[in-house]
Protein chains: 2
Amino acid sequence: MTADPVMRTYEGVIDSIRHMLLTGEVSPGDRLPSERELADALGVSRPMVREALRTLEVLGVVAARRGQGPAAGTFILTEPSPALATLLDMEFTLERFDLADVIDTRVMLERWAILSMPADADLSAAAHALSMMSEPLTREELMEWDLSFHQAIVDCATNRLAAHLYRSLRGAMHQRLADSLASIDAEAWESFWRRVMREHRMIYAALDSGDRERAADLSEKHVTRHYLRRP
Amino acid sequence: MTADPVMRTYEGVIDSIRHMLLTGEVSPGDRLPSERELADALGVSRPMVREALRTLEVLGVVAARRGQGPAAGTFILTEPSPALATLLDMEFTLERFDLADVIDTRVMLERWAILSMPADADLSAAAHALSMMSEPLTREELMEWDLSFHQAIVDCATNRLAAHLYRSLRGAMHQRLADSLASIDAEAWESFWRRVMREHRMIYAALDSGDRERAADLSEKHVTRHYLRRP
DNA sequence: TGCTCGAGTGTGGTCAGACCACACTGCGGC
DNA sequence: GCCGCAGTGTGGTCTGACCACACTCGAGCA
């Protein structure tokens with residue numbers, strides 16, 4: 001304790017804004033007072049307010065738009081942002097954990113989501129993603145629909161935190177995944193795509209028939225194989 | 001795509017610093033050039049450099065110390081910071097997910113950690129935390145050693161990402177946990193503490209005897225009961 | 001009357017320069 | 001040889017200014 005030598009000004013501003021949120025003075029979707037007003041009201045300079053707002057922006061709490069009128073200003077976001085993915089990507093860059101950690105965690109989340117899925121889960125989003133993969137795809141399209149397919153499955157578990165974590169893990173790996181796919185030459189691409197699609201279909205079929213254990217196992221093998229590149 | 005109307009100056013600074021990290025120009029533990037030098041080198045103003053450094057500070061990438069000499073300046077951190085907990089706490093404040101989500105996810109992580117623990121896992125940290133709980137405790141002490149106990153178990157899984165997630169989830173709930181414990185009156189406190197301790201002992205005993213399934217089940221019941229307050 | 005265009009205005013985005021608080025460095029005097 | 005204090009470079013903060021932008025609204029025109 002007593003580990004706080006000083007309270008930095010911008011932290012005080014963040015606390016003030018957090019307090020506004022907790023008391024309901026502002027709510028998601030609302031516009032914050034302007035930077036100049038905030039600075040004046042809190043008795044600090046505008047640069048300090050801006051430092052606070054920048055951090056809140058990176059954390060996915062607010063977004064700023066300039067100009068004048070109802071669309072301009074700094075707003076409390078209603079939807080999660082890629083902030084978590086940004087953070088995880090940073091940690092990854094700093095080598096605070098490695099690819100195997102990320103994949104293990106991803107597999108854990110997906111297994112759990114499949115096994116705890118409610119009986120009446122709506123699989124239509126997964127089915128749609130599956131159908132979109134039936135025709136030849138570019139690498140970008142495959143990444144997009146592969147993400148949609150797996151995310152749709154995890155979303156069925158109705159745990160928003162877990163779904164958000166899953167999305168962020170995948171987001172943090174996105175660039176590395178793209179690099180990995182780019183290394184597959186044109187000849188091998190079609191067979192690669194077909195195999196991915198076939199595995200997706202098997203996972204979906206297992207889910208659709210209610211065989212969760214099998215779906216979980218198939219999913220684990222699928223993810224582990226393609227991400228760790230051990231065909 | 002093309003969703004980037006403009007590149008903000010501070011984002012460019014962040015990219016420059018990230019680039020320095022990727023090329024090895026600076027490494028964890030190193031000192032960054034001073035704010036004035038960075039501003040000069042990148043052709044931007046010092047406030048913009050500061051906005052970038054503030055966000056990196058919140059993300060747990062750097063830390064600043066003032067003064068003069070080898071200990072002063074802005075450093076790349078070598079250890080993870082509570083950044084993830086801060087972020088999750090924010091998301092929680094914004095009600096982007098709820099307590100049940102957090103607990104479910106925590107239980108998932110702990111179950112997984114227990115079931116995938118290597119056979120030769122070192123349980124001494126958990127044993128130590130357990131022994132520290134044998135004597136009457138304050139609420140703060142109980143929270144501290146309870147965290148140590150569970151964290152020690154998750155750390156055994158040797159997945160740094162999962163361990164970090166677990167720690168952050170727990171960190172994001174810390175204040176709410178404290179509020180919850182504060183509502184237990186002095187008379188009920190001792191029996192509460194004893195029950196928590198007994199359950200910890202049972203979990204440890206199951207782990208120590210190699211009965212992971214039982215340990216996982218006990219752990220799940222333990223966490224769910226105390227956090228959802230359904231005795 | 002209705003439309004267009006331009007000045008006005010308030011927002012975030014950026015800059016320059018200054019001063020403070022701090023902690024080390026090193027010189028000077030004792 | 002030791003102590004103390006001025007010097008110096010760091011982050012921390014403030015002030016005031018200007019720019020870019022997007023809307024608002026009224027003047028002027030058709």
Side-chain angles (χ1 to χ4, degrees), chain A residues 2-17 20 26 28-77 81 83, chain B residues 2-17 20 26 28-77 81 83:
Chain A
T2 77
D4 291 350
V6 283
M7 174 82 150
R8 312 253 232 102
T9 304
Y10 86 93
E11 293 178 305
V13 175
I14 292 178
D15 281 348
S16 299
I17 294 174
M20 289 188 214
V26 294
D30 288 355
R31 198 174 84 167
L32 236 38
S34 75
E35 295 178 353
R36 292 167 178 86
E37 283 178 59
L38 274 175
D40 205 47
L42 300 176
V44 301
S45 67
R46 201 177 147 213
M48 294 301 102
V49 171
R50 285 182 61 79
E51 287 188 7
L53 291 177
R54 271 310 71 66
T55 68
L56 290 177
E57 186 172 285
V58 168
L59 291 178
V61 178
V62 306
R65 280 192 296 270
R66 64 176 153 187
Q68 198 257 22
T74 304
F75 291 81
I76 310 288
L77 293 178
S81 76
Chain B
T2 76
D4 291 351
V6 283
M7 175 79 151
R8 312 252 232 103
T9 304
Y10 86 93
E11 291 177 307
V13 176
I14 291 178
D15 282 348
S16 298
I17 294 175
M20 289 187 214
V26 294
D30 288 355
R31 196 174 85 166
L32 236 39
S34 75
E35 296 178 352
R36 292 167 178 85
E37 283 178 60
L38 275 176
D40 207 46
L42 300 176
V44 301
S45 69
R46 202 178 148 212
M48 293 301 103
V49 170
R50 286 182 60 80
E51 287 188 6
L53 292 177
R54 273 309 72 66
T55 67
L56 290 177
E57 185 172 286
V58 168
L59 290 178
V61 177
V62 306
R65 280 193 294 272
R66 63 175 154 188
Q68 197 257 23
T74 304
F75 291 81
I76 309 289
L77 293 178
S81 75

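Worth saying up front: this structure is predicted, and the values here are computed from it rather than measured. Per chain, numbering begins at 1; letters A, B, ... match sequence-line order.
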Quick check on [N]: is either OP1 or OP2 less than 4.0 Å from any side-chain nitrogen or oxygen of [X]?
| X | N | answer |
| --- | --- | --- |
| B/Thr74 | D/dT10 | no |
| B/Arg46 | D/dG11 | no |
| A/Arg66 | D/dA20 | no |
| A/Thr9 | D/dT13 | yes |
| B/Arg50 | D/dG12 | yes |

For A/Gly60 and A/Ala83, which heavy atoms make the closest approach, and how far apart are they?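 Heavy atoms of A/Gly60 and A/Ala83 come nearest at N-CB, 3.9 Å.
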
NA contact type, [X], heavy-atom cut-off 4.0 Å: base, sugar-phosphate, or nothing?
| X | result |
| --- | --- |
| A/Ala64 | sugar-phosphate |
| B/Pro70 | sugar-phosphate |
| A/Gly69 | sugar-phosphate |
| A/Glu37 | sugar-phosphate |

Measuring only between side-chain heavy atoms, which start at C-beta, is A/Arg31 closer than 4.5 Å to A/Thr74?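 No. Closest side-chain heavy atoms not under 4.5 Å.
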
Which nucleotide, D/dT13, D/dG12, C/dG13, lies nearest any side-chain atom of A/Arg54?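 The answer is C/dG13, which lies nearest to the side chain.
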
Which whole-number value in Å describes the distance from [X] [atom1] to [N] [atom2]?
| X | N | atom1 | atom2 | value |
| --- | --- | --- | --- | --- |
| B/Glu11 | C/dT14 | CD | C1' | 14 Å |
| B/Leu53 | D/dG12 | CG | C1' | 12 Å |
| A/Gln68 | C/dG13 | CD | P | 16 Å |
| B/Leu38 | D/dG12 | CG | P | 13 Å |
| B/Phe75 | D/dT10 | CZ | C1' | 10 Å |
| A/Arg8 | D/dT10 | CZ | C1' | 13 Å |
| B/Arg31 | C/dC24 | CZ | P | 12 Å |
| B/Glu35 | D/dT13 | CD | P | 10 Å |

Between the side chains of A/Glu51 and B/Tyr10, is a donor N or O closer than 3.5 angstrom to an acceptor N or O?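 Side-chain D/A pair, A/Glu51 to B/Tyr10: absent.
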
I'd like to know if B/Arg36 reaches the base of D/dG9 with its side chain such that a donor and an acceptor end up less than 3.5 angstrom apart.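 No, no donor-acceptor pair under 3.5 Å.
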
B/Gly67 vs A/Pro47, nearer the 5' end of DNA chain D by closest nucleotide: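 So the residue in question is B/Gly67.
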
From B/Ile17 atom CD1 to B/Leu56 atom CG, the distance as rounded to the nearest 0.5 Å: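 That separation rounds to 5.0 Å.
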
A/Glu11 bridged to A/Arg8 by N-O distance under 4.0 Å: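 Salt bridge between A/Glu11 and A/Arg8, a charged N being under 4.0 Å from a carboxylate O: no.
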
